[in-house]
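This report concerns only the one structure given below.
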Amino acid sequence: MILRAGQFEFVFPRPALVMGIVNVTPDSFSDGGRFLNPEAAVAHALQLVEQGAEIVDVGGESTRPGAVPVAEPEELRRVLPVIEQLAGRIKVPISIDTAKPGVARAALAAGASIVNDVAASREDGALWRLVAETRAGYVCMHAQGTPRTMQAAPAYADVVREVREFFSERIWRLSDCGVSRNQIILDPGIGFGKTVEHNLQLLGAARAFTGLERPLLLGVSRKSFIGKLLGAELSARLPGALACACLAVAAGVQIIRAHDVAETVQAIRMTEAILANQRT
Ligand code: 9MG
């Protein structure tokens with residue numbers, strides 16, 4: 001299986017990739033405001049790469065539950081200086097976390113290679129045509145509702161079946177827009193319009209998505225379902241997130257999105273070393 005993202009190519013199977021998170025926002029749930037200044041955001045991204053991040057995800061609009069949308073000029077003002085400065089300094093792909101075609105276009109022109117689309121459930125193909133034209137990588141994430149409303153009353157007959165059907169349908173729709181399968185990463189969207197139970201069902205069924213023959217991405221870092229399940233404060237959720245990441249890698253997930261890159265890389269490498277020595 002191959003993933004193509006602009007000039008970058010990853011051939012799987014290979015060690016799982018960690019996507020380091022750089023939130024250039026005042027209101028993200030765990031690090032809002034820390035990296036709003038471009039210099040601080042760039043320094044943080046460089047540190048994540050040093051710690052082993054093989055993708056850096058830059059976002060200028062919070063997607064935490066209840067987050068208020070940000071206007072395009074403001075989102076551009078936040079992310080562009082960071083991407084421009086990073087592009088010449090790191091050798092790993094930069095991903096732009098946005099649902100806006102205008103932001104994605106400017107970010108790709110400034111040096112990003114992947115579009116992380118947490119609104120892939122939308123019906124408008126403008127972003128997909130841009131991905132086709134630029135040959136960027138594309139994270140197709142499942143969400144029910146929008147960040148503002150998604151946690152009000154998430155409901156599914158069978159969340160695993162519905163997410164799998166969503167992925168299959170989106171792969172077809174993307175292909176209709178000219179996006180090659182090799183550009184696509186699939187992500188079940190943990191916490192995006194899901195209850196704790198829905199999240200656990202998706203995590204327990206990660207293997208169900210491997211049949212689609214595309215790399216799978218999982219984002220659990222510091223998320224509230226860990227806090228709800230274990231009674232853990234925001235700053236005490238790393239062990240819970242690492243447990244999810246290790247089991248996900250064992251189930252065939254190839255990309256883990258994380259704030260705590262050094263710890264996540266170590267946990268994953270340990271998991272992979274054990275998996276390589278497993279006896280049946
Ligand atoms: C931006 N963002 C926040 N959580 C995320 C997740 O789980 N996956 C992806 N792709 N992006 C996320």
Side-chain angles (χ1 to χ4, degrees), residues 3 5 16-25 27-32 35 41 45 48 53-67 69-70 75 78-79 82 93-100 103-104 107 112-122 127 131 136-148 150-151 154 159 163 166-167 170 183-196 198-200 202-203 206 209 214-227 234 237 240-241 244-245 248 253-261 264:
L3 171 65
L17 302 160
V18 173
M19 171 190 260
I21 301 171
V22 180
N23 285 324
V24 196
T25 55
D27 58 342
S28 286
F29 66 97
S30 80
D31 50 7
F35 309 116
L48 297 183
E54 291 186 86
I55 304 173
V56 171
D57 191 37
V58 178
E61 178 175 49
S62 173
T63 52
R64 69 178 164 75
V70 171
E75 196 176 330
R78 293 179 187 174
V79 295
V82 178
I94 300 169
S95 144
I96 173 69
D97 160 16
T98 190
K100 297 188 183 78
V103 174
S113 306
I114 299 175
V115 178
N116 177 18
D117 182 8
V118 301
S121 313
R122 83 168 84 58
L127 187 56
V131 171
Y138 177 72
V139 180
C140 172
M141 198 200 79
H142 178 273
Q144 191 178 80
T146 64
R148 199 175 177 134
M150 64 192 179
Q151 289 309 107
V159 68
V163 170
F166 167 79
F167 286 156
R170 278 301 183 259
Q183 293 170 258
I184 303 172
I185 298 165
L186 302 174
D187 180 345
I190 297 297
F192 283 79
K194 280 116 188 164
T195 62
V196 173
H198 295 141
N199 291 323
L200 292 174
L202 287 167
L203 289 165
F209 306 121
R214 295 310 309 140
L216 301 173
L217 187 153
L218 192 79
V220 291
S221 190
R222 302 182 186 172
K223 287 198 175 169
S224 67
F225 79 100
I226 300 174
L234 188 63
R237 295 179 189 163
C244 298
V253 169
Q254 292 88 351
I255 307 173
I256 303 292
R257 185 176 182 274
H259 297 87
D260 303 287
V261 167
T264 306

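Predicted, not measured: the structure shown is a model, and the values here were computed from it. We count ligands from 1, going down the list as the structure has it; atoms in each ligand are counted the same way.
With respect to atom 3 (C) of ligand 1, the closest heavy atom belonging to the protein is R257 NH1, 3.2 Å. In terms of protein heavy-atom proximity, atom 11 (N) of ligand 1 is nearest to N116 ND2, 3.1 Å. When only non-hydrogen protein atoms are considered, atom 4 (N) of ligand 1 lies nearest to K223 NZ, 3.0 Å. Closest protein heavy atom to atom 8 (N) of ligand 1: D187 OD2, 2.6 Å.
Annotation: side chain of F166 is not in contact with side chain of Q144 (no heavy-atom distance under 4.5 Å). A 4.5 Å side-chain heavy-atom check between V18 and E54 finds every atom pair outside the cut-off. Here the side chains of V261 and M19 are not in contact, with every heavy-atom distance at 4.5 Å or above. For the pair I185/L216, no side-chain contact is recorded, criterion being any heavy-atom separation below 4.5 Å from C-beta on.
Proximity to G219 (heavy-atom distance under 4.0 Å) selects the following atoms of ligand 1: 7 (O). Residue T63 has at least one heavy-atom neighbour below 4.0 Å for each of these atoms of ligand 1: 1 (C), 2 (N), 3 (C). Using a 4.0 Å cut-off to heavy atoms of D97, the atoms of ligand 1 that qualify are 1 (C). If you number the atoms of ligand 1 from 1 as listed, the ones under 4.0 Å from a heavy atom of V139 come out as 10 (N).
Note on R222 versus D260: salt bridge recorded, some NZ/NE/NH1/NH2 to OD/OE distance being below 4.0 Å. Salt bridge present: K100 and E61 bring a charged side-chain N and a carboxylate O closer than 4.0 Å.
Interatomic distance, I55 CD1 to I256 CD1, rounded to the nearest 0.5 Å: 11.0 Å.
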Is there a side chain to side chain contact (heavy atoms under 4.5 Å, CB included) between D117 and Y138? Walk through the geometry before answering.
CA-CA 7 Å; D117 182 8; Y138 177 72; 2.5 Å; yes
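Contact analysis leaves R64 out of contact with ligand 1, as no non-hydrogen atom separation drops below 4.0 angstrom.
Contacts between L218 and ligand 1, counted as non-hydrogen atom pairs separated by less than 4.0 Å, are absent for every part of the residue.
Considering backbone and side-chain N/O atoms, D57 never comes within less than 3.5 Å of an N/O atom of ligand 1.
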